[in-house]
Number of protein chains: 2
Amino acid sequence: MTASRSRTREDVVKAASRLFAAQGYHGTSMRDLAREVGVLGSSLYSHIESKEDLLVEVVEIGAALFQASAAKAVARGGDGAELLRSLVRGHNDVVLDHLDEARTFLFEADALDEPHRQRVVAARNDYETVFRAALETGRKDGSFRAGIDPKLAAILILSMLNAVERWYRPGGSLSRSALADAVVEFATRGIGSRI
Amino acid sequence: MTASRSRTREDVVKAASRLFAAQGYHGTSMRDLAREVGVLGSSLYSHIESKEDLLVEVVEIGAALFQASAAKAVARGGDGAELLRSLVRGHNDVVLDHLDEARTFLFEADALDEPHRQRVVAARNDYETVFRAALETGRKDGSFRAGIDPKLAAILILSMLNAVERWYRPGGSLSRSALADAVVEFATRGIGSRI
DNA sequence: ACCTAACGAACGATCGTTCGTTAGGTGGTT
DNA sequence: AACCACCTAACGAACGATCGTTCGTTAGGT
């Protein structure tokens, strides 16, 4: 049935996510990928069109995950502070639950051809805009200081979040929930000026 | 005269920095590199041992730049807050003045063989330790809140700094100095709780 | 009997690298 | 000044390996 075929295709895409995330797109050969799936290189082409097609698919999965996370946070509502907290938790969940797709989306888009790369840039801009809007909301409703620059703050917060996968190891002393809380607290209070 | 006109090893290393930073190690061929230098592929081997040797060299240059920056900040002295400011300014200067080497050091170390990769990991740990020590100092001298986690804060601050090259464009509305100030202010005050 | 995933050989292109050769410049000796 | 020995950077062909991909064939499930 079509179900078994599409499941196999999903296996290939999932394996590609893993290898692209671990070794990079250019560092992964189709024979590497085939070995990961448990098949010979040529057999992959029963399921996919081309290597670049695979990258497009993985990157789009990553983009959709972040987009869905942002949409869910917005739908949940709340003031600026609550919105920011939702966004941070959602982002962390995406990174930790879908590490390979997130990594590929965040760091391998340069390997795409120009039109596809532009779509990734646009998706990231849209996502960043949601963060910026949350910060603007919070600035107005009193959640945050009046002096903040929402655009810059959004970039800095996302910089911290996107780097989480580089150092966070699940099962350590810091739980996933505590991680999100720590990022939010750092973003809102910083390290300084004990009152 | 021969020194300035003849292509030296440094020219090759510099070109490699540019391409490794722009396209990644695996995305750069020796013929790509040769074209960048203005020579045929085989001619590169008058100057270097191997492609991986080149990566090692570029990465070590990057490591040395960050290490020197940290040493300079420490030598300058001051309390925790002043030390952190020095470290942030120094880091930004390294990234903006030596973008290619910094990028390669930060993001291409995975392509190294295991022993060399370990040395990069160690260098990054040492560098992070300087940041952590500055935060611990500041926690004791009253520059920062008592409740902060220096290890986590160091990671988060470095996450922001390492991402600067992904979005900052010199010549824009944000000067280099203002950028460093903004990062320091974000790190110390955050966005929240107007008191 | 049909469908299809997987095989395995093979394609041309490109990979990193080697090697014998060449051109051009330098220094030393006459 | 003229010679020669020497050095070095670059060339260009070629190496074996591997790249992404194609294709005719085969095995197994429905």
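Since the structure is predicted, the reported quantities are computational estimates derived from the model, not experimental observations. Sequence lines set the chain letters: A, B, ... in the order given, protein chains first and strands last, and positions in each chain run from 1.
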Rounded interatomic separation in angstrom, taking [atom1] from [X] and [atom2] from [N]:
X       : N      : atom1 : atom2 : answer
B:Leu44 : C:dC15 : CG    : P     : 13 Å
B:Arg9  : D:dA10 : CZ    : P     : 14 Å
B:Glu10 : D:dA9  : CD    : P     : 13 Å
B:Tyr25 : C:dC15 : OH    : P     : 13 Å
A:Arg35 : C:dC7  : CZ    : C1'   : 17 Å

Please list, one pair per line, the donor and acceptor atoms closer than 3.5 Å that link side chains of residues 79-87 of chain B to other protein atoms, with sequence neighbours excluded.
unit_1  : atom_1 : unit_2   : atom_2 : d
B:Asp79 : OD1    : B:Ala81  : N      : 3.2
B:Asp79 : OD1    : B:Glu82  : N      : 2.9
B:Glu82 : OE1    : B:Asp79  : N      : 2.9
B:Arg85 : NH1    : B:Asp181 : OD1    : 2.8
B:Ser86 : OG     : B:Arg76  : NH1    : 3.0
B:Ser86 : OG     : B:Glu82  : O      : 3.2

If you look only at pairs with a residue in [range], which of them pass as a salt bridge (charged side-chain N to carboxylate O under 4.0 Å, His left out), with sequence neighbours excluded?
range                       : answer
residues 159-177 of chain A : A:Asp93-A:Arg176, A:Asp97-A:Arg176, A:Arg103-A:Glu165
residues 104-114 of chain B : B:Glu114-B:Arg117
residues 20-31 of chain A   : none

Open item on the list: In this structure, which stretches of DNA chain D are paired as stems of three or more consecutive Watson-Crick or G-U pairs, both distances less than 3.5 Å?
Closed with: C:1-30 with D:1-30

Open item on the list: Does this structure show an ion pair linking B:Arg132 with B:Glu128, if we count only N-O contacts that are shorter than 4.0 Å?
Closed with: yes

TODO: Just jot down the side chain to side chain contact (heavy atoms under 4.5 Å, CB included) partners of B:Ala180, sequence neighbours excluded, or say none.
DONE: B:Val88, B:Arg89, B:Asn92

Task: Non-neighbouring partners of B:Ala153 that pass side chain to side chain contact (heavy atoms under 4.5 Å, CB included), sequence neighbours left out - done: A:Phe186, A:Ile191, B:Leu135

Task: Residue list, ring-ring contact (aromatic ring centres under 6.0 Å, His included) with A:Phe107, at least two apart or on another chain - done: none

Open item on the list: Run the ring-ring contact (aromatic ring centres under 6.0 Å, His included) test against B:Phe66 and tell me which residues pass, sequence neighbours left out.
Closed with: B:His91, B:Phe105, B:Tyr127

Open item on the list: Assigning hydrophobic clusters by single linkage (Ile, Leu, Val, Met, Phe, Trp, Tyr; side-chain heavy-atom cutoff under 4.5 Å), is B:Ile61 placed with B:Val121?
Closed with: no

Listed pairs, N/O of protein and of nucleotides 17-22 of chain C, under 3.5 Å:
unit_1 : atom_1 : unit_2  : atom_2 : d
C:dT17 : OP2    : B:Tyr45 : OH     : 2.5
C:dT17 : OP2    : B:Lys51 : N      : 2.9
C:dT17 : O5'    : B:Tyr45 : OH     : 3.2
C:dT17 : O4     : B:Arg31 : NH2    : 3.3

Below 3.5 Å, can you tabulate the donor-acceptor pairs from side chains in residues 20-27 of chain A to any protein atom, sequence neighbours excluded?
unit_1  : atom_1 : unit_2  : atom_2 : d
A:Tyr25 : OH     : A:Glu52 : N      : 3.3

Open item on the list: Heavy atoms within less than 4.0 Å of DNA chain D: which residues of residues 110-117 of chain A have one? Give them sorted by number.
Closed with: none

Open item on the list: Looking at C:dA6, I'd like to know if its phosphate oxygens (OP1 or OP2) sit under 4.0 Å from a side-chain N or O belonging to A:His47.
Closed with: yes

Task: Distance below 4.0 Å between A:Ser29 side-chain N/O and D:dC19 OP1 or OP2 - done: yes

- [ ] Could you pick out which residue, B:Leu40 or A:Asp32, lies toward the 5' side of DNA chain D when each is mapped onto its nearest nucleotide?
- [x] B:Leu40

